[in-house]
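I have placed the structure first, in the form of structure tokens, so that the comments after it can refer back to it.
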Amino acid sequence: MPFLGQDWRAPGQSWVKTDDGWKRFLEEQSNLVNDLSSYRNADHNKENFLNNLKYDVAAKKRRKDLLNNNTKTQCLHQEKWIYVHKGSTKERHGYCTLGEAFNRLDFSSAILDSRKFNYVVRLLELIAKSQLTSLSGIAQKNYMNILGKVVQKVLEDQQNIRLIKELLHTLYTTLCTLVQSIGKSVLVGNINVWVYRMETIVGWQNQLNEIQIRRPPVKGMTLTDLPLCLQLNIMQRLADGRDIVCLGQVSSDLQVLSEDRLLWKKLCQYHFTERQICKRLILSDKGQLDWKKMYFKLVRCYPRKEQYGETLQFCRHCHILSWKVRDVHFSVFVLSL
């Protein structure tokens with residue numbers, strides 16, 4: 001029996017149980033047997049091994065190509081919801097950043113939906129005003145890619161031109177301020193990249209300024225063929241006073257309707273509170289309230305009421321941030337059971 005604290009096995013040796021009892025067995029012999037066994041099975045496993053290796057390499061290449069495609073071209077993901085973490089651990093933060101939400105949620109297809117378009121444009125404008133520097137490098141690339149898709153859509157369908165012009169002007173003004181104070185602000189990436197992006201924005205602005213509205217072929221009844229009461233009813237559904245002014249320039253009848261006092265009164269009452277209206281009263285020469293002038297003065301002093309067809313929604317029960325999809329919350333709830 002070996003002494004306590006002493007290794008009774010010599011280096012390179014091991015004990016193997018046989019029919020005659022335990023016998024000392026050298027590791028070199030064991031390795032030789034294993035090598036012979038592996039050699040016998042090498043031809044049998046060689047094909048499977050090469051196939052597995054080929055599949056691994058192909059999978060890695062696909063992941064690498066996807067990463068390069070996401071970082072160099074269009075970093076757009078196709079997720080309809082994300083989970084907003086409730087608590088913090090060492091492995092993850094207890095919050096979902098704006099950049100993460102912007103990266104993972106499907107904004108590329110949202111801009112193709114007329115119910116979501118204005119909401120996405122408004123979100124892009126808010127980011128351009130104050131949150132651009134908080135985005136990561138990937139999120140900033142996504143931002144520019146989505147903005148390019150928005151401009152391309154407007155150039156094709158010739159709608160919401162003024163809305164996109166204002167967005168590009170806001171973004172360009174913000175970038176001018178950030179580039180001039182590059183040493184004090186946080187801009188991810190080389191300064192030349194941002195200068196190139198500013199040149200791209202100027203190019204988009206020139207394209208929008210040179211756009212020629214195509215007159216659609218006349219097929220059947222038009223807006224001016226409707227009764228005046230219906231024309232006024234349609235104008236009352238416009239939420240922007242500038243659209244009413246532009247529509248009034250189409251014909252003399254629409255010009256008269258665009259000056260309707262009740263139309264501008266309802267528009268003021270829709271966007272602003274009674275207290276705000278009382279602080280900005282304007283009388284006309286006839287001693288009546290000039291609702292049209294009051295509207296444009298109120299717009300300069302207070303934010304207008306915003307209303308969108310579809311927006312991002314947050315479920316407080318399951319902490320899911322998503323676009324409005326009927327089956328999302330139900331599927332997540334089932335998975336959590």
* **Stepwise side-chain hydrogen bond (donor to acceptor under 3.5 Å, both in side chains) check, Q131 with Y143** => CA-CA 11 Å; Q131 300 296 326; Y143 183 92; over 6 Å; no

* Carboxylate-amine/guanidinium contact R304 D240, below 4.0 Å -> yes

* Asked: Are the aromatic ring centres of W323 and F107 under 6.0 angstrom apart?
  -> yes

* To do: Rounded to the nearest 0.5 Å, what's the gap from CG on L247 to CD on Q255? Could you check?
  => 10.0 Å

* Parallel, tilted or perpendicular: which describes the rings of Y295 and W264, with under 30° parallel and over 60° perpendicular? -> tilted

* Return yes if a side-chain donor-acceptor contact under 3.5 Å exists between N233 and R237, otherwise no. => yes

* To do: Hey, could you give me the CD1/CG distance between I201 and N206, rounded to the nearest 0.5 Å?
  => 12.0 Å

* Measure the shortest side-chain to side-chain distance between N118 and R122 over non-hydrogen atoms and say whether it is less than 4.5 angstrom. => no

* Asked: Are W204 and L147 close enough, and set up right, to give a side chain to side chain contact (heavy atoms under 4.5 Å, CB included), and what steps lead you there?
  -> CA-CA 10 Å; W204 289 337; L147 182 59; 3.7 Å; yes

* To do: Drop me the distance from I244's CD1 to L254's CG, to the nearest 0.5 angstrom.
  => 11.5 Å

* Asked: Under a 4.5 Å cut-off applied to non-hydrogen side-chain atoms, are I277 and Y302 in contact?
  -> no

* Side-chain contact test, heavy atoms from C-beta onward, threshold under 4.5 Å: evaluate it for I111 versus K116 and give yes or no. => no

* Start with the C-alpha gap between M235 and D243, add the side-chain angles, then the distance that decides, and say whether side chain to side chain contact (heavy atoms under 4.5 Å, CB included) holds. => CA-CA 9 Å; M235 296 182 72; D243 294 333; over 6 Å; no

* Close side-chain approach of V150 to F117, heavy-atom, < 4.5 Å -> yes

* side chain to side chain contact (heavy atoms under 4.5 Å, CB included) between K265 and Y270, intermediate numbers included -> CA-CA 9 Å; K265 178 181 179 180; Y270 172 76; over 6 Å; no

* Taking all non-hydrogen atoms of both residues, which atom of D260 and which atom of L263 are closest, and how far apart? -> OD2-N, 2.9 Å

* How far does CE of M221 sit from CG of L223, to the nearest 0.5 angstrom? -> 11.0 Å

* **Under 3.5 Å donor-acceptor, D113 side chain and A110 backbone** => no

* Exam field: side chain E210 to backbone Q207, donor-acceptor pair closer than 3.5 Å -> no

* **Heavy-atom donor-acceptor pair, Q231 side chain to L257 backbone, under 3.5 Å** => no

* To do: May I ask whether I146 and L175 are part of the same hydrophobic cluster, defined by side-chain heavy atoms of I, L, V, M, F, W, Y residues being less than 4.5 angstrom apart, directly or through others?
  => yes

* **Lys/Arg-Asp/Glu bridge criterion (N-O < 4.0 Å) met for R261, D290** => no

* **Test: E156 and K153 ion pair at under 4.0 Å** => no

* To do: Kindly say whether R115 contributes a backbone atom to a donor-acceptor pair with the side chain of E310 at under 3.5 angstrom?
  => no

* Asked: Any donor-acceptor pair under 3.5 Å linking the side chain of T174 with the backbone of A128?
  -> yes

* To do: Say whether W194 and L168 are linked into one hydrophobic cluster, either directly or through other cluster members, by side-chain heavy-atom distances under 4.5 angstrom.
  => yes

* Asked: Heavy-atom count around Y196 OH within 6.0 Å, excluding the residue itself: above 12?
  -> no

* Closest approach of S258 to G248 (non-hydrogen atoms, all atoms of both residues) -> OG-CA, 3.8 Å

* Report, as yes or no, whether the 6.0 Å neighbourhood of atom CD on E274 holds more than 12 heavy atoms from other residues, nucleotides or ligands. => no

* To do: List in chain and number order the residues that pass side chain to side chain donor-acceptor pair (under 3.5 Å) with N209, two or more places apart in sequence or in another chain; answer none if no residue qualifies.
  => K165

* Asked: Out of curiosity, I164 CD1 to H169 NE2, how far, rounded to the nearest 0.5 Å?
  -> 14.5 Å

* **Trace of the side-chain hydrogen bond (donor to acceptor under 3.5 Å, both in side chains) decision for D106 with S108** => CA-CA 6 Å; D106 186 10; S108 58; 3.0 Å; yes

* Asked: L132, L126: one ILVMFWY side-chain cluster at the under-4.5 Å cut-off?
  -> no

* Once you round to the nearest 0.5 Å, how far does CG of L171 lie from CD of Q205? -> 9.0 Å

* To do: For residues R197 and Q140, determine if any side-chain heavy atom of one lies less than 4.5 Å from a side-chain heavy atom of the other.
  => yes

* Mind checking whether Y119 and L312 have side chains closer than 4.5 Å, heavy atoms only? -> yes

* Would Y308 and E306 count as having a side-chain donor-acceptor pair, cut-off 3.5 Å? -> yes

* Examine Y172 and V193 and state if one hydrophobic cluster contains both, with Ile, Leu, Val, Met, Phe, Trp and Tyr joined whenever side-chain heavy atoms are less than 4.5 Å apart. => no

* To do: Answer yes or no: is there an ion pair linking R242 with E166, defined by an N-O contact shorter than 4.0 Å?
  => yes

* **Nearest heavy atoms of A239 and H271, plus distance in Å** => O-NE2, 2.6 Å

* Between the main-chain N or O of V154 and the side-chain N or O of Q159, is there a donor-acceptor pair closer than 3.5 Å? -> no

* Within a strict 4.5 Å, meaning less than it, do heavy atoms of the Q288 and L283 side chains meet? -> no

* To do: Determine whether V121 and N160 make a side-chain contact, defined as any pair of heavy atoms from C-beta on separated by less than 4.5 Å.
  => no

* To do: Walk me through it: do F314 and I320 pass the test side chain to side chain contact (heavy atoms under 4.5 Å, CB included)?
  => CA-CA 6 Å; F314 179 71; I320 293 295; over 6 Å; no

* Identify whether F296 and M294 are in the same connected component of the hydrophobic contact network (ILVMFWY, side-chain heavy atoms under 4.5 Å). => yes

